[in-house]
Amino acid sequence: MTMTGTEVLDHWIAGAPHAGSGTRTGPVYDPAKGEVSKHVRFAAAADVDTAVAAAQEAFTAWSQVSMAKRQQVLFAFRELLAARQEELAHILTSEHGKVLADAGGEIARGLEVVEFACGASAHLKGEYSVNVSTGVDVYSVVQPLGVVGIISPFNFPAMVPLWFFPLAIAAGNAVVLKPSEKDPSAANWMAALLKEAGLPDGVFNVVHGDKEAVDTLLTHPDVAAISFVGSTPIARHVYETATAHGKRVQALGGAKNHMLVLPDADLDLVADAAVNAGFGSAGERCMAISVVLAVDSIADELVAKIRERMSGLRIGDGRRGTDMGPLITGEHRDRVASYVDVAVGDGAELVVDGRTIEPDGDPDGFWLGPTLLDRVPTSSRAYTDEIFGPVLSLVRVSGYEEGLEIINASPYGNGAAIFTNDGGAVRRFQLEVTAGMVGVNVPIPVPVAYYSFGGWKASLFGDAKAYGRHGLSFFTREKAVTSRWLDPSHGGLNLGFPEHD
Ligand code: NAD
């Protein structure tokens with residue numbers, strides 16, 4: 001590994017880069033080269049205080065800005081983001097490693113949420129009832145929360161923040177984003193774009209760092225809510241800590257997504273779907289398929305079809321038009337690769353070994369090729385752990401019932417898919433499976449922006465999913481107003497509980 005990067009990425013506070021007082025920094029790698037491209041500052045608690053104070057100050061004015069003006073700023077941001085998405089895609093590829101086309105896909109899904117936020121006014125309406133009692137009206141008012149903290153993972157450095165901040169801002173809140181320290185530059189790039197779009201300084205701030213920055217946000221008295229996305233152990237910590245400090249919390253966690261293949265499915269389409277969903281973004285997607293549950297009678301044929309497709313994949317530097325890039329760090333690559341031996345030791349069959357590939361890229365890159373394991377025992381750690389890499393496990397099942405039982409026994413419940421042409425099986429599956437997002441012949445069922453994204457069980461702590469209706473209600477609170485315009489006929493004393501007349 002070589003060290004070339006001398007740049008140090010600052011925080012972004014009150015509309016400008018901010019060095020802060022923290023003395024620690026972390027390395028940011030170009031994963032396809034295996035070298036440090038820059039460093040990023042790690043915020044001290046005092047730096048988070050500065051960002052929260054800037055957000056708090058900006059909130060007072062921003063919450064009073066008209067809905068029309070807020071939407072205009074978001075619309076301008078949407079136009080800038082759409083026009084300059086290639087620039088952002090290059091940042092994503094250079095720090096995350098995902099191939100350029102996939103980086104473009106991430107931005108497209110983020111743009112959807114910005115577009116939804118541009119029409120947020122349609123969803124931020126209260127209700128009004130006339131004469132709930134004689135001369136008495138009741139109506140509801142929707143108001144922002146204040147300063148909201150967003151903490152995001154490395155695997156979608158643009159899309160995951162975009163799941164949250166456009167809606168938080170549309171609703172009149174101010175934001176402090178703590179992106180992953182592994183690929184932090186996209187956050188500053190989006191912050192500068194928001195400023196260019198006309199967002200007042202302080203409404204959107206970025207603090208970089210690790211646990212110290214996160215824990216300061218989770219316990220800060222002036223932070224009203226936390227939106228977190230990351231691994232399950234950290235999501236649990238975030239949920240428990242921030243709720244204990246009186247905050248509203250949505251904490252999206254890890255996943256282990258299954259795809260159940262019934263014998264009547266079109267196995268060519270299934271094999272395409274398994275390869276795309278298993279190895280896209282090197283398996284570093286919370287909605288990646290990591291387990292194919294194949295009914296015995298078609299399992300051999302399906303394994304052959306998946307293997308054939310894997311042999312055609314081009315692995316290498318995502319700037320060179322390859323299909324799959326490197327993993328995020330050398331440490332993560334080694335951890336993912338270690339599961340191959342675990343699985344084989346537990347009795348799995350190694351069908352394709354990604355540890356031996358020759359990538360189209362720098363030999364120092366964090367490479368691991370697509371790996372296929374068959375007959376993985378569900379007792380193996382290779383099955384139970386979230387691997388988060390290009391390792392696809394196949395588990396053979398006797399039929400629908402056993403497949404469903406395995407999925408529902410998982411502690412995770414993010415996505416689950418069924419592949420079949422049997423409408424009755426599909427109907428049962430969508431009602432019986434314990435996952436928050438269900439695919440019917442769709443391997444990665446990420447909902448569009450006007451639905452909401454989130455899993456069940458250990459894949460989501462808290463009541464609100466991300467974006468869509470859930471997102472707007474998470475970033476607002478409602479009050480109900482009971483109103484009567486008095487005239488002399490309304491006088492008189494009555495100490496009883498108010499009744500309607
Ligand atoms: P991670 O949990 O390591 O990090 C997420 C965030 O938490 C980062 O900003 C990180 O700096 C911070 N963090 C890390 N350790 C911390 C600690 N001890 N205390 C406080 N904060 C800490 O996750 P990751 O490796 O960046 O991302 C991959 C994980 O995210 C996978 O588990 C994946 O399934 C999950 N994920 C889930 C979803 C979803 O929608 N459910 C979406 C994307 C990613």
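Order of listing sets the numbers, starting from 1, for every ligand and every atom in it. Since the model is a prediction, treat every value here as computed from it, not as a measurement.
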Test of understanding: given a 4.0 Å heavy-atom threshold, classify the contact between E386 and ligand 1 as side chain, backbone, both, or neither. side chain
Has the side chain of K256 got a donor or acceptor atom that lies under 3.5 Å from a matching backbone atom of T384? no
Looking only at protein heavy atoms, which one is nearest to atom 7 (O) of ligand 1, and what is the separation? F228 CE1, 3.4 Å
Ignoring hydrogens and geometry, is there a side-chain-to-backbone donor-acceptor pair from W12 to M190 under 3.5 Å? no
Please report which non-hydrogen protein atom sits nearest to atom 19 (N) of ligand 1, along with the residue it belongs to and the distance in Å to one decimal place. K211 CG, 3.3 Å
So for atom CD, which belongs to Q430, do other residues, nucleotides or ligands contribute more than 12 heavy atoms lying within a distance under 6.0 Å? yes
If I apply the N/O under 3.5 Å rule, does K178 come out as touching ligand 1? yes
Please check: side-chain N/O of N188 versus main-chain N/O of D10, any donor-acceptor pairing under 3.5 Å? yes
Distance from atom 40 (O) of ligand 1 to nearest protein heavy atom, with residue and atom: F453 CE2, 2.9 Å
Contact check, side chains of H258 and I289, non-hydrogen atoms, under 4.5 Å: no
Would you indicate which of S459, G253, A255 comes nearest to atom 41 (N) of ligand 1 when only heavy atoms are counted? G253
Are F461 and H237, when compared by the centres of their aromatic rings, separated by less than 6.0 Å? no
Ring centroid separation Y467 to Y451 under 6.0 Å: no
Per-atom contact, atom 4 (O) of ligand 1, protein heavy atoms, under 4.0 angstrom: no
So which protein heavy atom does atom 35 (C) of ligand 1 come closest to, and at what separation? G230 O, 3.1 Å
When you look for heavy atoms under 4.0 Å from ligand 1, do you find them on the side chain of V238, its backbone, both, or neither? neither
So, regarding I234 and ligand 1 (criterion: nitrogen or oxygen to nitrogen or oxygen, under 3.5 Å), is there a contact or not? no
Looking only at heavy atoms, what is the nearest atom pair of P179 and P184, with distance? CG-O, 4.4 Å
Determine, considering heavy atoms only, which of F156, W163, F154 sits nearest to atom 24 (P) of ligand 1. F154
Can you check whether P153 has an N/O within less than 3.5 Å of an N/O in ligand 1? no
Within ligand 1, which atoms have a heavy atom of N414 less than 4.0 Å away? 41 (N)
Got more than 12 heavy atoms from elsewhere within 6.0 Å of CZ, R469? no
side-chain hydrogen bond (donor to acceptor under 3.5 Å, both in side chains), that's the test. Do D30 and S37 meet it? Break it down for me. CA-CA 6 Å; D30 181 334; S37 59; over 6 Å; no
Say whether E181, considering both its backbone and side-chain N or O atoms, lies within less than 3.5 Å of an N or O atom on ligand 1. yes
With a heavy-atom distance limit of 4.0 Å, tell me whether V214 approaches ligand 1 through its side chain, its backbone, both, or neither. side chain
So is K182 polar-close to ligand 1, meaning N/O to N/O under 3.5 Å? no
I need the atoms of ligand 1 closer than 4.0 Å to a non-hydrogen atom of G254, numbered in the order shown. 32 (O), 34 (O)
Identify, for atom 28 (C) of ligand 1, the protein heavy atom at the shortest distance, and state residue, atom and that distance. F388 CE2, 3.6 Å
What part of A466 sits under 4.0 Å from ligand 1 if we count only heavy atoms: the side chain, the backbone, both or neither? neither
Give a yes or no on whether the backbone of L252 and the side-chain of K465 come within a donor-acceptor separation of less than 3.5 Å. no
When distances are taken from atom 39 (C) of ligand 1, the protein heavy atom at minimum range is C286 SG, 3.5 Å
In a check of side chain to side chain donor-acceptor pair (under 3.5 Å) between S185 and each of H208, E7, K38, which one passes? K38
Looking only at the aromatic ring of each residue, does the gap between the centers of F156 and H96 stay below 6.0 angstrom? no
May I ask you to check if ligand 1 and S152 share an N or O to N or O distance below 3.5 Å? yes
To which protein heavy atom is atom 2 (O) of ligand 1 closest, and what is the distance rounded to 0.1 Å? S231 OG, 2.7 Å
So which bit of Y412 gets within less than 4.0 Å of ligand 1, heavy atoms only: side chain, backbone, both or neither? neither
Any side-chain to backbone donor/acceptor pair from K98 onto N155? Under 3.5 Å, distance only. yes
Side chain D210, main chain E181, donor-acceptor under 3.5 Å: no
Atom 43 (C) of ligand 1: nearest protein contact (heavy atom, Å): N155 OD1, 3.3 Å
One finds that the ligand 1 atoms under 4.0 Å from a non-hydrogen atom of V229 are 5 (C), 36 (N), 37 (C), 38 (C), 39 (C), 40 (O), 42 (C), 43 (C), 44 (C)
